[in-house]
Amino acid sequence: MVLQPSLKNCLWLACVLRTPKAGFRSTASGGLIIQSVSNDVYQNLAVEDWIHDHMDLEKRQVLFLWRNSPAVVIGRHQNPWQECNLRLLRQKNIKLARRRSGGGTVYHDLGNINLTFFTTRKKYERMENLKLVVKALKALRPQLDVHVTDRYDILLDRHYKISGTAAKLGRTSAYHHCTLLCNADKFVLSSVLKSPYKGLKSNATPSVPASVKNLFEEDPSLTSEMLLDAIAKEYATQHQIDHHITLINPADETLLPGINNKTKELQTWEWVYGKTPKFSISTCLNMAYKDSVLEVKVNMDVKHGRIEVCNIDLPKQWLPPALYSELIRSLTGSKFCPNETTARVTTLLRVCPQDDELHSRWNLLCENMIMLM
Amino acid sequence: VCIHRVRSCSSIHSVKSKYVCVFDKSALKFSHQQRLLRTSPVSCGQIVQFKLSDIGEGITEVTVKEWYIKEGDSVSQFDSICEVQSDKASVTITSRYDGVIRKLHYSIDEIAFVGKPLVDIEIDASKGVASEEDVVETPPMSHEEHTHQEIKGHKTLATPAVRRLAMENNIKLSEVVGTGKDNRILKEDILNYLAKQTGAILPPSPKAEIIPPLPKPETVPAAPKDKARKIPVPVSRPIEFSGKDKTEPVTGFQKAMVKTMSAALKIPHFGYCDEIDLTQLVQLREELKPLAEIRGVKLSFMPFFIKAASLGLLQYPILNASLDENCQSVTYKASHNIGVAMDTEQGLIVPNVKNVQVCSVFDIAAELNRLQSLGSAGQLGTSDLTGGTFTLSNIGTIGGTYAKPVILPPEVAIGALGKIQVLPRFNGKGEVFKAQIMNVSWSADHRVIDGATMARFSNLWKSYLENPASMLLDLK
């Protein structure tokens, strides 16, 4: 049973979100189920942050339900270049987000549902949450073969992963969120989660690839809405509250003061790319130039998403030394980002000798370098 | 500024009598409760080993992923110290004490153990009280008073000065949302809350708002719009201006601009401006727009401006040339690669349409569409951004009439197009009619281009646009 947000509901929710004791209805004790009306991954992640930072979960735990339009979400300490095909993401206009919890990379679209279980730090218990999900699934479709592994995955038919888990622990509160594959686009999923970048060395948390399957494939009568409802129902039962889902709008600054700043922060380059742990690239560019193929060794160190050190092993005099050092100087310290690098290197061409041969060599080299980003 | 040196001794209490807070005379009377303020951390406190507390779920070891502080930093209770990861869980470890970090026991990617020391913190002599950045006068406090009060079971963090400000203004701290570390309530938060209550307007944020460009240049209505300026509402209560100067490093894009513009400075520019009557062109575009749309292309005015420029360059090729560094030779470029200045989120970029001399107006429109969508997605390639020979800047989509554009090396000319305005003009019969007027401002390199050449080129370009049918005669 889902209620539309009436004004009364909003006011009630506003009170509930700010003070621990709602006092309005007895349903407010024990638990609260909320669902986002937005499909924007940044807005939804910001809601998680907001609840984690502002809500007192002592008296009441929260279940947050959300879905996103196509996006790739990497874990807090991961390397996006290692985890996904950034070029493809840009082409297909699929968003990239970095969440605050740990764990691996996931692909989200409307066929994938997200569940976040908010509790106090002491009551943090992932296994219980996942068992709740499995119970809900089995109540909905008893014939489903689903179980929780000790890696906190949920497997279908003992083999296919349908849910991945991650968590965030703060000083007093914690949250555990997980995905559930209902009807996601598996083709896009597998193509975006395959990194084309070679020669990367990093201590970032690696993702563990797994075979996935949609619940829809197992039982075509299942929809995301049904699954959300079943899980909400089970949560309500276990927390002895009404089966009542409150809709919230993650853009509502009155309800969630400060939320828009959180949303903005999650979209900044400094957060999404700049938080990548230090890594190095050691690779070879194969540049086709005038009937031959040049093998050019490239070594780069990238820290905070910026190029710290850059070495390009070009044949002698292939580029005038002055221009080569200008290129290195321009790259060093700048963002490991194709957009910015393109602007930089094309501008450098304006102020150097105007020679067609030189220009084509420069463009060739720069395009290859940018492909690494 | 009063600096207090706390001598290292076992008991805090015996210290108080020797040190005087210059601006708080009352401190002398309340010797037991005197609070010692410091502007700099002095190494004379007690060093405590802050151990990694239990993570839960029986976890015994974690990996340290990020330090938020370094040795020598001051921390307050509840400040974030580091981020550790264990089995898909990311944990923020916060400080239990106020003090100064003296030692980090692990480096990034090392494994840390639950129950073992994580950092060494030197505790403040005045334990349990968060220190403020500014040294301010504060009333002496009792031992029991904590920085964080429990209001309705909700812990609110705020320094004593902020707390007093709230109290003076009858504000409940529980109603204020803190934006500081760990949602600490800052002075700004109280002021914001106050502003909302009184309806007063706070001082504007330091970042200026840039108006995004319109997708295509539309004609502006006759009456010049009165852009209503925001008039500040008189405030009942004086609001403190807490704005600070902000210094940022020059970004990658800006660095590129710096380089280009510094090189452009070497070029002796001269300007030439004129007014174009686009009445006929406006009508022509209205007729052609739906045809282009059927073919899936958005037709703006730019393709016409670009094609007319190329036809002009055929007659005056010196404007499509390049002067070498030593000014020894001039290269007349065969291709008309006309650059179009584009405003993106990051800044100004100039992709160019290649070989306009062999393109139709429709081809140019299609190519512009492609460049525009790539530009807004930040995906322009190197070949799109290099090789330009002549540039047009349609600043009129944002606004303005006359401009003084800067030539982009290695080119020798550039044109800036103002907005199209409906203005009264006289026709051949001496009658007043509504004309669609646009201004153009050319800049050219006076080392190789003279005023007469620029004027003649501009007149030719103008004649093509004022009488679009004449373009048919010279179209290649």
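Order of the sequence lines sets the chain letters (A, B, ...), proteins ahead of strands, with each chain counted from 1.
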Requested in this report: Step by step, work out the salt bridge (Lys or Arg N to Asp or Glu O under 4.0 Å) result for A/E48 and A/K168.
Outcome: CA-CA 10 Å; A/E48 283 190 326; A/K168 172 97 193 77; over 6 Å; no

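In this structure, no portion of A/Q78 lies under 4.5 Å from any heavy atom of chain B. Looking at B/T94, the atoms closer than 4.5 Å to chain A (heavy atoms on both sides) all sit in the side chain, from C-beta outward. Of the two parts of A/K122, neither the backbone nor the side chain holds a non-hydrogen atom closer than 4.5 Å to a non-hydrogen atom of chain B. At a 4.5 Å heavy-atom cutoff, the contact between B/D54 and chain A is made by backbone atoms alone. Heavy atoms closer than 4.5 Å to chain A are found in both the backbone and the side chain of B/T382.
No side-chain donor-acceptor contact under 3.5 Å links B/T389 and B/E411. No side-chain N or O of B/Q77 forms a donor-acceptor pair with one of B/D98 less than 3.5 Å apart. No side-chain N or O of B/S86 forms a donor-acceptor pair with one of B/E61 less than 3.5 Å apart.
Taking B/L408, B/L380, B/T344, B/V350 one by one and counting their heavy-atom pairs under 4.5 Å with chain A, the maximum is reached by B/L408. Of all the listed residues (B/A89, B/A263, B/S262), the one sharing the greatest number of non-hydrogen pairs under 4.5 Å with chain A is B/A89. For the options A/L348, A/I370, A/T205, heavy-atom pairs under 4.5 Å to chain B are most numerous at A/T205. When the candidates A/R99, A/K335, A/E125, A/R121 are compared by the number of heavy-atom contacts under 4.5 Å with chain B, A/R121 comes out ahead. The candidate with the highest count of non-hydrogen atom pairs below 4.5 Å against chain A, out of B/I349, B/D87, B/I108, is B/D87. Contact count against chain B (heavy-atom pairs under 4.5 Å) is highest for A/A167 among A/A167, A/G164, A/P277, A/S330. Heavy-atom pairs under 4.5 Å with chain A peak, among B/L374, B/D384, B/L385, at B/L385. Heavy-atom pairs under 4.5 Å with chain B were tallied for A/N261, A/T347, A/T165; the largest tally goes to A/T347.
Distance alone, capped at 3.5 Å, places no donor-acceptor pair between the A/N203 side chain and the B/D109 backbone. In this structure, the side chain of B/H269 engages the main chain of B/I267 through a donor-acceptor pair within 3.5 Å. The backbone N or O of B/S90 sits nowhere less than 3.5 Å from a side-chain atom of A/R76 that would complete a donor-acceptor pair. The backbone N or O of B/V62 sits nowhere less than 3.5 Å from a side-chain atom of B/Q85 that would complete a donor-acceptor pair. Looking only at distances, a side-chain donor or acceptor of B/S322 sits under 3.5 Å from a matching main-chain atom of B/P410.
For the atom pair SG of A/C310 and CG of A/L327, the computed distance is 7.0 Å after rounding to the nearest 0.5 Å.
By the salt bridge (Lys or Arg N to Asp or Glu O under 4.0 Å) test, A/R100 pairs with A/D49, A/E265, sequence neighbours left out.
Contact annotation for residues 323-332 of chain B against chain A (heavy-atom separation below 4.5 Å, listed by residue number): B/E325. Taking 4.5 Å as the heavy-atom cut-off, the residues of residues 337-345 of chain A that approach chain B are A/N339, A/E340, A/T342, A/A343, A/R344, A/V345, ordered by number.
The list of salt bridge (charged side-chain N to carboxylate O under 4.0 Å, His left out) pairs with a residue in residues 352-373 of chain A, not counting sequence neighbours, reads A/K290-A/E357, A/E357-A/R361.
Taking both residues in full, the closest heavy atoms of A/H304 and A/W269 are given as O-CZ3, 3.9 Å, listed atom of the first, atom of the second, then distance. Scanning all heavy atoms of the two residues, the minimum distance from B/I121 to B/S95 falls at CD1-OG, 3.6 Å.
Heavy atoms of other residues, nucleotides or ligands lying less than 6.0 angstrom from CE of A/M371 number 12 at most.
Side-chain contact check for B/I93 versus B/V84: some heavy-atom pair is nearer than 4.5 Å.
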